[in-house]
Amino acid sequence: MGRGTVKVLPWLDLRGKLGDYIYSGKVLDLLVLHLKIFPISLPLPFFFFLTQIFFLFFLFFFFDLTAQDPERILKMVKICCIGAGYVGGPTMAVIALKCPEIEVAVVDISVSRINAWNSDALPIYEPGLDEVVKQCRGKNLFFSTDVEKHVSEADIVFVSVNTPTKTQGLGAGKAADLTYWESAARMIADVSKSNKIVVEKSTVPVKTAEAIEKILTHNSKGINFQILSNPEFLAEGTAIQDLFNPDRVLIGGRETPEGKKAVEALRDVYAHWVPVDRIICTNLWSAELSKLAANAFLAQRISSVNAMSALCEATGADVSQVSHAVGKDTRIGPKFLNASVGFGGSCFQKDILNLVYICECNGLPDVANYWKQVIKVNDYQKTRFVNRIVSSMFNTVSGKKIAILGFAFKKDTGDTRETPAIDVCKGLLGDKARLSIYDPQVNEEQIQRDLSMKKFDWDHPVHLQPMSPTSIKQVSVVWDAYEATKDAHGICILTEWDEFKTLDYQRIYENMQKPAFVFDGRNIVDVAKLREIGFIVYSIGKPLDQWLKDMPAVA
Ligand SMILES: NC(=O)c1ccc[n+]([C@@H]2O[C@H](COP(=O)([O-])OP(=O)(O)OC[C@H]3O[C@@H](n4cnc5c(N)ncnc54)[C@H](O)[C@@H]3O)[C@@H](O)[C@H]2O)c1
């Protein structure tokens with residue numbers, strides 16, 4: 001992997017050294033340096049005083065040390081990230097690991113989150129994250145609630161705060177709510193005493209940078225802020241791998257000389273480990289829109305294959321075979337073509353709604369409707385799954401125990417934001433089922449909270465989220481798949497955890513009510529083997545069990 005080429009011209013190097021002295025407050029060193037340059041001045045106090053004044057004048061105005069430039073930043077950069085969440089935490093941990101000379105502070109208003117980052121039980125589960133944090137924490141990686149101190153000291157401030165969907169007012173249900181972003185921007189303007197590069201890490205609507213720029217410049221007290229858009233493309237569950245080896249890093253900035261310098265400064269941080277040909281530099285709006293576009297394209301592939309899965313069930317085709325054949329076309333490719341109960345996670349739905357709103361605001365209703373359809377198909381898929389369960393089990397699940405295996409929105413994460421499991425569980429509870437839920441990474445408190453929370457409430461800082469006043473009585477959460485399935489009438493697999501592939505299904509079958517059903521929302525079980533054991537199996541987009549064929553239509 002190649003490092004970015006970093007040219008440090010000799011005079012800039014000198015300037016960097018002088019800058020180090022001044023900015024690190026080593027006044028004594030500065031005096032020694034002064035005496036080295038003007039040794040004659042020592043016995044002559046007045047001359048000493050004059051040359052000292054001249055020297056400082058020379059430093060500040062000729063070398064313009066008050067201005068930030070990439071070369072100085074390279075030498076003594078301090079980074080602060082506002083928001084210690086799924087993006088801010090892992091991203092900053094990897095920057096700290098790969099750039100040992102950079103000091104990285106991750107700050108958050110949530111005390112419990114910061115305490116967890118400073119403990120052995122990190123607030124998020126992500127393979128490989130523990131090791132990275134352990135290597136840097138306390139050395140050049142710090143987690144703190146002292147937001148203002150770290151922001152004021154930083155050269156580069158990343159903003160990775162929540163950007164929920166608005167629930168009230170103009171654009172409710174679609175537009176991004178930039179409350180947290182705006183308050184972070186105002187705070188940066190308030191506490192800054194030196195020039196800063198402010199980096200949008202959160203996913204934001206196009207032109208947010210312009211709004212933030214206005215907030216910063218109108219409150220700047222003469223300080224220069226350069227705004228960059230550096231959207232994050234990591235996927236939860238593989239975040240560390242994605243950060244170590246990204247397909248691309250995208251940096252958008254203003255096309256002014258200062259804007260270009262800021263882009264270079266951030267590019268040089270990533271160039272510590274990312275090959276420079278994978279660092280794409282664009283204008284601000286392209287970077288902001290590319291993030292929304294990338295998520296919309298990914299979600300669209302899932303909705304496309306899910307729409308196809310309904311047709312496969314109706315015709316007897318097998319969606320896995322169709323996906324395989326389609327994905328072999330190099331123009332299409334094999335990734336993101338697995339049929340499932342639907343996509344989830346904090347980004348896809350939110351970002352598409354955002355895109356839809358932007359299209360509507362720009363007078364493009366047909367484009368907006370096109371993207372809206374991706375979400376409609378996703379909702380259709382979840383509803384179809386619930387309907388299939390209820391209709392298969394004699395058109396009622398009232399009072400029946402249903403085991404839910406997996407609650408996180410995908411494997412290898414404990415994240416439950418917008419997980420399809422919420423809608424499926426709510427659908428089953430609506431038909432009065434009793435649910436026994438098991439997920440290796442999600443605890444009871446989180447599940448109860450998710451099932452009682454209003455739509456979009458999940459995307460607020462943890463300590464501001466509503467607590468569920470009472471827990472839902474028909475829901476029990478257990479720590480073992482065998483316990484969850486004991487005496488159950490049916491099993492729903494809602495997350496593709498590897499351990500669900502290797503369960504002892506013979507043992508599970510023996511402990512269940514008969515007929516025993518498996519509804520596989522992730523297509524991970526061996527359907528033939530389970531049917532041989534005696535299960536009635538529904539697997540999304542696969543040829544239907546004779547039992548299911550005889551049940552009422554469900555679409
Ligand atoms: N999760 C992902 O996979 C992913 C991927 C790419 C981009 N994104 C985007 O990144 C952004 C952050 O996502 P996340 O998943 O890390 O969210 P998160 O909810 O896990 O973390 C956000 C953090 O910001 C903190 N916060 C909010 N306002 C603050 C303030 N004023 N000062 C200090 N801290 C504040 C919250 O307490 C919270 O801990 C969102 O815009 C999201 O759309 C997420």
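Read the numbers this way: they start at 1 and go in the same order the structure lists the ligands and their atoms. Residue numbers run from 1 in the order of the sequence given.
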- Query: Of all the non-hydrogen atoms in the protein, which one sits nearest to atom 27 (C) of ligand 1, and at what distance?
  - Reply: Asn162 OD1, 3.2 Å
- Short list, please: which atoms of ligand 1 are under 4.0 Å from a heavy atom of Gly85? 16 (O), 18 (P), 20 (O), 21 (O)
- Note on the structure: For Arg417, the ligand 1 atoms with a heavy-atom partner under 4.0 Å come out as 1 (N), 14 (P), 15 (O), 17 (O), 18 (P), 19 (O), 20 (O)
- Should you measure from each heavy atom of Ser160, which atoms of ligand 1 turn up under 4.0 Å away? 12 (C), 22 (C), 24 (O)
- Query: Is there at least one pair of N or O atoms, one from Lys350 and one from ligand 1, spaced under 3.5 Å apart?
  - Reply: yes
- Note on the structure: If you scan protein heavy atoms around atom 37 (O) of ligand 1, the nearest is Asp108 OD1, 2.6 Å
- Query: Which of the numbered atoms in ligand 1 are below 4.0 angstrom from a heavy atom of Cys347?
  - Reply: 2 (C), 4 (C), 5 (C), 8 (N), 44 (C)
- Task: Compute both the distance and the angle, then confirm whether Lys382 meets the cation-pi test with Phe343: under 6.0 Å from the six-membered ring centre, within 45 degrees of the axis.
- Result: no
- Message: For a quick test of reading the model, state the closest non-hydrogen atom pair linking Ile447 to Val442 and the distance between them.
- Response: CG1-CG1, 3.7 Å
- Query: For Asn378 and Ser303, does a side-chain donor sit closer than 3.5 Å to a side-chain acceptor?
  - Reply: no
- Output the list of atoms in ligand 1 that are nearer than 4.0 Å to some heavy atom of Glu236, sorted by atom number. 1 (N), 2 (C), 3 (O)
- Query: Are side-chain N/O atoms of Trp117 and Asp108 paired as donor and acceptor at under 3.5 Å?
  - Reply: no
- Is Trp181 close to Thr163 at the side-chain level, that is, under 4.5 Å between some pair of heavy atoms? yes
- Message: Could you check whether Lys149 pairs with Glu153 (Lys NZ or Arg NE/NH1/NH2 to Asp/Glu carboxylate O, under 4.0 Å)?
- Response: yes
- Is there a nitrogen or oxygen of Thr203 sitting under 3.5 Å from a nitrogen or oxygen of ligand 1? yes
- Just need the protein heavy atom nearest to atom 33 (C) of ligand 1, so name the residue and atom and give the distance. Ile82 CG2, 3.3 Å
- Message: With no hydrogens and no angle check, just 3.5 Å: does a side-chain donor-acceptor pair link Gln300 and Tyr370?
- Response: yes
- Message: So is Lys291 touching ligand 1 or not, going by heavy atoms under 4.0 Å?
- Response: yes
- Which protein heavy atom lies closest to atom 34 (N) of ligand 1, and at what distance to 0.1 Å? Ile109 N, 3.4 Å
- Within-cut-off N or O pair, Asp351 and ligand 1, under 3.5 Å: no
- Query: Between Arg248 and Phe233, is NZ or CZ placed under 6.0 angstrom from the six-membered ring centre and within 45° of the ring axis?
  - Reply: yes
- Can you list the atoms of ligand 1 that are under 4.0 Å from a heavy atom of Thr163? 40 (C), 41 (O), 43 (O)
- Message: Which option wins on minimum heavy-atom distance to atom 20 (O) of ligand 1: Arg113, Glu182, Met187?
- Response: Arg113
- atom 5 (C) of ligand 1: closest protein heavy atom, distance to 0.1 Å, is Val87 CG2, 3.6 Å
- Message: Which heavy atom of Thr419 sits nearest to which heavy atom of Phe407, and what is that distance?
- Response: OG1-O, 2.8 Å
- Message: I'd like to know if the side chain of Asn195 pairs up with that of Asn224 as donor and acceptor (distance under 3.5 Å, no hydrogens or angles considered).
- Response: no
- Would you check whether Glu232 has a nitrogen or oxygen atom less than 3.5 angstrom from a nitrogen or oxygen atom of ligand 1? no
- In terms of side-chain heavy atoms, does Gln373 have a donor or acceptor partner in Asn369 at a distance below 3.5 Å? no
- Task: Number the atoms of ligand 1 from 1 as they appear, then name those within less than 4.0 Å of a heavy atom of Ser183, with their elements.
- Result: 31 (N)
- What atoms in ligand 1 come closer than 4.0 Å to a heavy atom of Ser202? 10 (O), 11 (C), 41 (O)
- Taking atom types as modelled, find out whether Glu103 and His150 have a side-chain donor-acceptor pair closer than 3.5 angstrom. no
